2 protein chains.
Amino acid sequence: MYEGIVQELIDEFGRLPGIGPKSAQRIAFHILTTQSFDTTRLAELLAEVRERVRFCSICGNVAEQDTCSICRDPRRSQTVICVVEEAKDVAAIERTREFRGLYHVLGGALSPMDGVGPDNLRFTQLVQRLADATVTEVIIATNPNVTGEATATYLTRLLDQPGLRVTRLASGLPVGGDLEYADEVTLGRAFEGRRTVEA
Amino acid sequence: MYEGIVQELIDEFGRLPGIGPKSAQRIAFHILTTQSFDTTRLAELLAEVRERVRFCSICGNVAEQDTCSICRDPRRSQTVICVVEEAKDVAAIERTREFRGLYHVLGGALSPMDGVGPDNLRFTQLVQRLADATVTEVIIATNPNVTGEATATYLTRLLDQPGLRVTRLASGLPVGGDLEYADEVTLGRAFEGRRTVEA
């Protein structure tokens, strides 16, 4: 529809997740017409990012060195590991400031339909990290969906060893949510996990 | 939240229109982990686009040469000019395949609140294009909102000259829309612009 490079730019942006043709066009025109937007900076970052970013050799989180800043931090508890599917889940949990232990990024969830079996995820590395018995608790924080639950079940069996506590994040009503709009599975989980309140 | 370059990339994407922090994070991780996505190509396009793209010296549309492909096309009617706010409006009208004349891109709409007055838009260039009386009709296709309507009113007065027909795109119910959900202004316009139907 457009001439040469403008259309190419629109097409490239359209390949990114969550960006449709209209958004891609809007972004391309923004870049063309907004002088304050630093195209050179974005171009440099894109050219460098894959080379500079590696994955932490211990936990699999994104890192710019051999290990990530969390694994290098001596103030973090070395006795608890929180297992997540993706590196972005680490960021989500870090934002809560509730957890001060270590992480283990699996690199996805078990999904035979998509050809993701146990060999495709970082299970072996997790088991190796537990070998010296420093870790006393593993918190499973995979997503509360079909593949995440399957992965959690697999992990529960894999990690069944004496002296290791394996926990799963609580399911229930989202804070600020409305009981009326909760789906029945979530509401069912909220009943299952109900807690005694003290007066 | 992330280390160095990953966070920088998220921040840069977050500066683009319509991309919030969550989408920016999703895009950055997609770029990091999807080997099939060609980061180098997007980087090259970003680095080149501003240098290679210029604006047509006749109509103001995006172009890679001094004039755009529409102004260069001898098969397009040279007697009708459609006036639009932005270059992306040209693309929207071209997709309809209804219009085979020329365009004139104003570069925005009159908006005193945002400091956009007649001197900031390409009105003088439009008047110059009408000087040799080749053009017999100007179609005003500014947006049907406050600033677009103000610009249309201004244009109507500016172009009031003998032998020149000035028209405005029809307002009315969107095709495929529901009468029930139309706002009252649109519905009022649809009544105003009603047409006789032949049996």
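Remember, it's a predicted structure, so these values are computed and weren't measured experimentally. Note: hydrogens, waters and symmetry copies are ignored here, and every other heavy atom, side chains too, is used.
Looking at B/Gln25, the atoms closer than 4.5 Å to chain A (heavy atoms on both sides) all sit in the side chain, from C-beta outward. Contact annotation for B/Phe29: only side-chain heavy atoms (C-beta onward) come within less than 4.5 Å of a heavy atom of chain A. Both the backbone and the side chain of B/Glu48 come within less than 4.5 Å of a heavy atom in chain A.
When side chains are defined from C-beta on, B/Ile31 counts as touching A/Leu16, because their heavy atoms get closer than 4.5 Å. A heavy-atom distance below 4.5 Å is found between the side chains of B/Phe13 and A/Leu46. In this structure the side chain of A/Val53 never reaches within 4.5 angstrom of the side chain of B/Leu9, judged on heavy atoms.
Note that NZ of B/Lys88 and CD1 of A/Ile10 are 10.0 Å apart. Values are rounded to the nearest 0.5 Å. Atom CZ in B/Arg41 sits 4.5 Å away from atom CD in A/Glu8 (nearest 0.5 Å).
The stretch residues 60-85 of chain A places A/Val62, A/Ala63, A/Glu64, A/Cys68, A/Ser69, A/Arg72 near chain B, each with some heavy atom under 4.5 Å from a heavy atom of that chain. Scanning residues 158-172 of chain B against chain A with a 4.5 Å heavy-atom cutoff picks out nothing at all.
Taken together through direct or relayed side-chain contacts under 4.5 Å among Ile, Leu, Val, Met, Phe, Trp and Tyr, B/Phe99 and B/Ile58 form parts of separate hydrophobic clusters. One hydrophobic cluster, built from ILVMFWY side chains closer than 4.5 Å, holds both B/Ile27 and A/Leu42. Put simply, A/Leu155 and A/Val127 are part of the same group of oily side chains (I, L, V, M, F, W, Y) that touch within less than 4.5 Å, one to the next. Hydrophobic clustering keeps A/Phe55 apart from A/Ile93 (ILVMFWY residues linked when any side-chain heavy atoms are closer than 4.5 Å, directly or through intermediates). One hydrophobic cluster holds both A/Leu121 and A/Val138 under the rule that ILVMFWY side chains link at heavy-atom gaps under 4.5 Å.
The 12-atom threshold is exceeded at CZ of A/Arg129, counting heavy atoms of other residues, nucleotides or ligands nearer than 6.0 Å. When the shell of 6.0 Å around CZ of A/Arg50 is examined, it contains more than 12 heavy atoms from other residues, nucleotides or ligands.
For the set B/Thr40, B/Leu32, B/Val90, the count of heavy-atom pairs under 4.5 angstrom toward chain A peaks at B/Leu32. Between chain A and the options B/Glu44, B/Glu86, B/His30, the largest number of non-hydrogen pairs under 4.5 Å is found for B/His30.
Closest of all the heavy-atom pairs between B/Glu12 and A/Leu45 is CG-CD1, 3.4 Å.
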